[in-house]
A.B. asks: 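Input: one structure, supplied below.
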Amino acid sequence: MTTRIGIYPGTFDPITLGHADIIRRGAKLVDKLILGVTTNPSKDPMFSTEERFAMVEREVAGLGLDNVEVVGFNALLVKFAQSQGASIIIRGLRAVADFEYEYQMAGMNQQLDDDIETVFLMADVSLQPIASKLVKEIALYGGDITPFVSAPVREEVNARVAKIGRKGDL
């Protein structure tokens, strides 16, 4: 029997409770789930690749899932999936806007390798508004990010904000 390997790629800057939800649920769909921590030239990361990798590894350890592995990559997603022997790419969706972008990406990936399927998981209703970009923005302006990330991630984000400087007039 073939091992079903899935990839859940992301920048995870920072990893949120929404990401953790998709990880838990995605891990049930495959024999092995690889979290691909990547760079994205269109995003301005708060944390380095190494910091994000360590953050994701710590959060995954806390989930107690024995079929999840964290791997860093800086390559075309399909090439990364092929190198890991993956046949599934897992993507989380929060809203219609996410679907439009992810649908286009899934089509492009299918053109590159039609043996790799993209599976979309809807975020839990209570977690749908959470986005890493918004978490960073809230923290940078002095807001409370407790509802969106774990306590250790909150501490890391707040420490980074203290280092780089809070924004806003208040």
Side-chain angles (χ1 to χ4, degrees), residues 1-125 127-128 130-133 135-136 148-150 152-153 156-157:
M1 189 168 138
T2 305
T3 302
R4 265 187 335 247
I5 300 173
I7 301 283
Y8 177 33
T11 52
F12 304 105
D13 183 48
I15 186 168
T16 68
L17 297 179
H19 291 127
D21 175 57
I22 298 298
I23 293 166
R24 273 192 297 276
R25 293 170 45 221
K28 294 177 187 176
L29 301 177
V30 295
D31 300 308
K32 180 179 180 181
L33 179 61
I34 298 170
L35 303 183
V37 179
T38 188
T39 58
N40 185 335
S42 68
K43 293 184 178 180
D44 183 25
M46 178 177 272
F47 296 96
S48 71
T49 303
E50 295 77 19
E51 290 169 326
R52 290 183 285 113
F53 186 90
M55 187 185 296
V56 171
E57 275 195 321
R58 184 195 63 238
E59 293 295 301
V60 167
L63 295 175
L65 302 170
D66 60 0
N67 67 330
V68 178
E69 178 183 352
V70 182
V71 177
F73 80 102
N74 184 18
L76 191 63
L77 176 56
V78 168
K79 295 287 187 188
F80 176 65
Q82 291 167 340
S83 76
Q84 299 298 309
S87 59
I88 298 169
I89 295 171
I90 294 176
R91 300 299 294 159
L93 298 176
R94 294 177 308 243
V96 174
D98 283 350
F99 180 76
E100 291 172 6
Y101 171 77
E102 294 295 346
Y103 180 79
Q104 183 179 20
M105 290 300 298
M108 295 297 286
N109 288 336
Q110 184 180 36
Q111 293 292 315
L112 295 171
D113 187 336
D114 64 358
D115 289 329
I116 299 175
E117 292 291 337
T118 300
V119 174
F120 298 115
L121 293 178
M122 293 300 301
D124 181 273
V125 173
L127 303 172
Q128 284 180 359
I130 302 173
S132 293
K133 179 181 178 180
V135 168
K136 290 185 289 190
F148 314 120
V149 296
S150 70
V153 171
E156 285 184 73
V157 171

A.B. asks: Between Thr39 and Asn74, is any side-chain donor less than 3.5 angstrom from a side-chain acceptor?
C.D. replies: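 Their side chains do contain a donor-acceptor pair, which is all the 3.5 Å distance test asks for.
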
A.B. asks: If you round to the nearest 0.5 Å, how far is CG of Asp114 from CG of Asn109?
C.D. replies: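 Here the rounded value is 11.5 Å.
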
A.B. asks: Check whether any side-chain heavy atom of Ile88 sits under 4.5 Å from a side-chain heavy atom of Ile90, and report yes or no.
C.D. replies: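 Sidechains of Ile90 and Ile88: in contact.
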
A.B. asks: Do side-chain atoms of Arg4 reach the backbone of Leu29 as a donor and acceptor pair under 3.5 angstrom?
C.D. replies: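 Here the side-chain-to-backbone pair exists.
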
A.B. asks: Just verifying a value: how many Å separate Leu33 CG and Ile22 CD1, rounded to the nearest 0.5 Å?
C.D. replies: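 Reported value, rounded in 0.5 Å steps: 10.5 Å.
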
A.B. asks: Describe, in one word, how the ring planes of Tyr8 and His19 are oriented to each other, choosing from parallel (under 30°), tilted (30 to 60°) and perpendicular (over 60°).
C.D. replies: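 Aromatic pair Tyr8/His19 classed tilted.
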
A.B. asks: Counting only N and O atoms by type, is there a donor-acceptor contact under 3.5 Å from the side chain of Asp21 to the main-chain atoms of Leu17?
C.D. replies: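 Checking the backbone N and O of Leu17 against the side chain of Asp21, no donor-acceptor pair under 3.5 Å is found.
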
A.B. asks: Is the backbone N or O of Phe47 less than 3.5 Å from a side-chain atom of Arg52, with the two atoms forming a donor-acceptor pair by type?
C.D. replies: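 Confirmed, Arg52 side chain pairs with Phe47 backbone.
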
A.B. asks: Could you list the residues that satisfy side chain to side chain donor-acceptor pair (under 3.5 Å) with Arg58, not counting sequence neighbours?
C.D. replies: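 Counting only residues at least two positions away or on another chain, Arg58 forms a side chain to side chain donor-acceptor pair (under 3.5 Å) with Glu156.
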
A.B. asks: Okay, side chain of Gln104, backbone of Tyr101: is any donor-acceptor separation there less than 3.5 Å?
C.D. replies: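 Not at all, since once roles are kept as given, no pair shorter than 3.5 Å links the two residues.
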
A.B. asks: Pair Ser87, Glu117 - check side-chain hydrogen bond (donor to acceptor under 3.5 Å, both in side chains), show working.
C.D. replies: CA-CA 6 Å; Ser87 59; Glu117 292 291 337; over 6 Å; no

A.B. asks: Evaluate the criterion side chain to side chain contact (heavy atoms under 4.5 Å, CB included) for residue pair Leu63 and Ile23; output intermediate values, then yes/no.
C.D. replies: CA-CA 9 Å; Leu63 295 175; Ile23 293 166; 3.8 Å; yes

A.B. asks: Spell out, as yes or no, whether a donor-acceptor pair under 3.5 Å connects the side chain of Arg25 to the backbone of Met122.
C.D. replies: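 Confirmed, Arg25 side chain pairs with Met122 backbone.
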
A.B. asks: Is there a side chain to side chain contact (heavy atoms under 4.5 Å, CB included) between Thr38 and Phe12 once you walk through the steps?
C.D. replies: CA-CA 8 Å; Thr38 188; Phe12 304 105; over 6 Å; no

A.B. asks: First locate atom NZ of Lys28, then atom CG of Asn67, and finally report the distance between them rounded to the nearest 0.5 Å.
C.D. replies: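 So the NZ of Lys28 and the CG of Asn67 are separated by 11.0 Å.
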
A.B. asks: Would you check, one step at a time, whether the test side chain to side chain contact (heavy atoms under 4.5 Å, CB included) holds for Ile89 with Val119?
C.D. replies: CA-CA 6 Å; Ile89 295 171; Val119 174; over 6 Å; no

A.B. asks: Give a yes or no on whether the backbone of Ser132 and the side-chain of Asp13 come within a donor-acceptor separation of less than 3.5 Å.
C.D. replies: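 Judged by distance alone, no pair lies under 3.5 Å.
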
A.B. asks: I need the Thr118 OG1 to Met108 CE distance, nearest 0.5 Å.
C.D. replies: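 CE of Met108 is found 12.5 Å from OG1 of Thr118.
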
A.B. asks: Checking Gln128 side chain against Ala123 main chain: does a donor-acceptor pair fall under 3.5 Å?
C.D. replies: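 A pair under 3.5 Å: yes.
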
A.B. asks: I need the Glu100 CD to Leu93 CG distance, nearest 0.5 Å.
C.D. replies: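 The CD atom of Glu100 sits 11.0 Å away from the CG atom of Leu93.
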
A.B. asks: So how far is it from Leu35 CG to Glu69 CD, rounded to the nearest 0.5 Å?
C.D. replies: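 That separation rounds to 9.0 Å.
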
A.B. asks: Could you check Val70 against Val37 for side chain to side chain contact (heavy atoms under 4.5 Å, CB included), going step by step and ending with a plain yes or no?
C.D. replies: CA-CA 7 Å; Val70 182; Val37 179; 3.7 Å; yes

